[in-house]
Amino acid sequence: MNILEIIEKKRDNKKLTKKEIEYFIKQYTKGKIPDYQVAALIMTIYINGMDEEETANMTLAMASSGEVLDLSELGIVVDKHSTGGVGDKITLILMPIMAALGVNVAKMSGRSLGFTGGTADKLEAVPGYNINLSIDEFKENVKKIGISLITQTGNLAPADKKIYALRDAISCTSSIPLIASSIMSKKIAAGANKIVLDVTCGNGAFMKNITDAKELAIQMNKIGKLANKETICVITNMNEPLGYAVGNNLEIIEAVNSLKGQMPKDVGEVVLELGAYMLKLAGKGENIEENKNKIQETIKSLKAFHKFVELVENQGGDITYIENTIKFPKAKYEIEILSKKSGYIKEINAEEIGKLASKLGAGRIKKEDKIDYTAGVVLNKKVGDIVKAKEKLATLYTNKKQYEKAKEELERIIKISDEVVEKEKTILEIIE
Ligand code: URA
């Protein structure tokens, strides 16, 4: 067997065997196949797809390409993962809430991918926060304070880590089998026994419509079952950015404010829905509405906020930034976008906002790009809101002097109509 034969087979739209998938994952992880050949294979998978069996085989091969954690000493661990979005700061808010409610949180988060942000990058915007703990430290932290948030360690699903970065560099992110296998391989290797997945749907997500989002959810549920991990998918709307802030330290500030009770409505809806199902899976309550009440109480009492402070402190972060978010550095240029007319906000295309934030410095255009934690966009309005002429629509944050084009772009992205605009639903469907 060799990689050329495997590429040719997939190029000609033929099904790959378990052995072929295992071979290329193993050899690529070992560095025995060059990036350009795997890039070609990934591109053919992106174009021709993979069936359920191939996707499951790829998931299991990637999960076992490195260490598979055994978290049984921690009892029930419920993991959460999002398929990616713009302004998606849910992990930062939801996981401290879960820990404050007694659910063990041992979560590995990803970095930005394509136009979407990554929780790992956002956490690194907190000075001192150590996202790269060893597995032993990770487990110790969960035992000590009930929560640890780190990034995927080098040895956990290393095949996914390499393929994930490669997909980003060759524009092959939005593929159902590639996303399903990427997420589920990490979740299987990370050792949680229950999983809640936020399957984002809309222009700011990899799944642009509900049919694809459902298909992805169903595939991930099936893989979960196969791996003996109870999995629930919540399909959420990602047609406009989640909340108001898009960009790394801007989102940390919004997450902190949310934990203090100032939570944007759509963010609150996603937090409540995902959290209620996580509590159910953790055996902390069968009734979804009652679980939502518990979550609200935990936010109101500031227990979740204090848990977040404890998490940051425990991982070496400077908590004075969390206690007083004004301390976060600001970008050199802060440009306000004012409305040219009165009306109703019709559209704020999340993908375009994500790409714009990335260009301003908040994301990576190339694999090796450094992130500017201060860059991004803060919206003042959401779709359906009323706006008056000359009212502030958004603020653009950047350290790049040539911001004029970005300003024009943002003015174009936020569309205003003379007619009343209905707000879209945030929670679209639950797939159990
Ligand atoms: N998140 C992941 O971990 N992988 C993907 O492919 C997309 C989102």
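Ligands are counted one by one from 1 in listed order, and the atoms in each one are counted from 1 as well. In this chain, numbering begins with 1 at the start of the sequence shown.
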Check: Going through the distances and angles, do Asp88 and Ser82 end up as a side-chain hydrogen bond (donor to acceptor under 3.5 Å, both in side chains)?
Finding: CA-CA 8 Å; Asp88 185 348; Ser82 157; 2.9 Å; yes

Note to self: Using a 4.0 Å cut-off on heavy atoms, what residues surround ligand 1? Order them by chain and number.
What the structure shows: His81, Ser82, Thr83, Leu113, Tyr164, Arg167, Ile179, Ser182, Ile183, Lys186, Phe206

Item checked: Working for side-chain hydrogen bond (donor to acceptor under 3.5 Å, both in side chains), residues Ser134 and Asp136 -> CA-CA 5 Å; Ser134 70; Asp136 285 343; 5.4 Å; no

Next item on the list: Tell me yes or no: between the side chains of Thr374 and Asn249, is some donor less than 3.5 Å from an acceptor?
Entry: no

Notebook entry, point to check: For Thr298 and Lys294, what are the C-alpha separation, side-chain angles and deciding distance, and is it a side-chain hydrogen bond (donor to acceptor under 3.5 Å, both in side chains)?
Noted result: CA-CA 6 Å; Thr298 310; Lys294 284 183 214 161; over 6 Å; no

Notebook entry, point to check: What heavy-atom pair brings Ser65 and Ala159 nearest, and what distance separates the two atoms?
Noted result: OG-N, 3.1 Å

Next item on the list: Identify, with sequence neighbours excluded, every residue that meets salt bridge (Lys or Arg N to Asp or Glu O under 4.0 Å) alongside Arg412.
Entry: Glu352

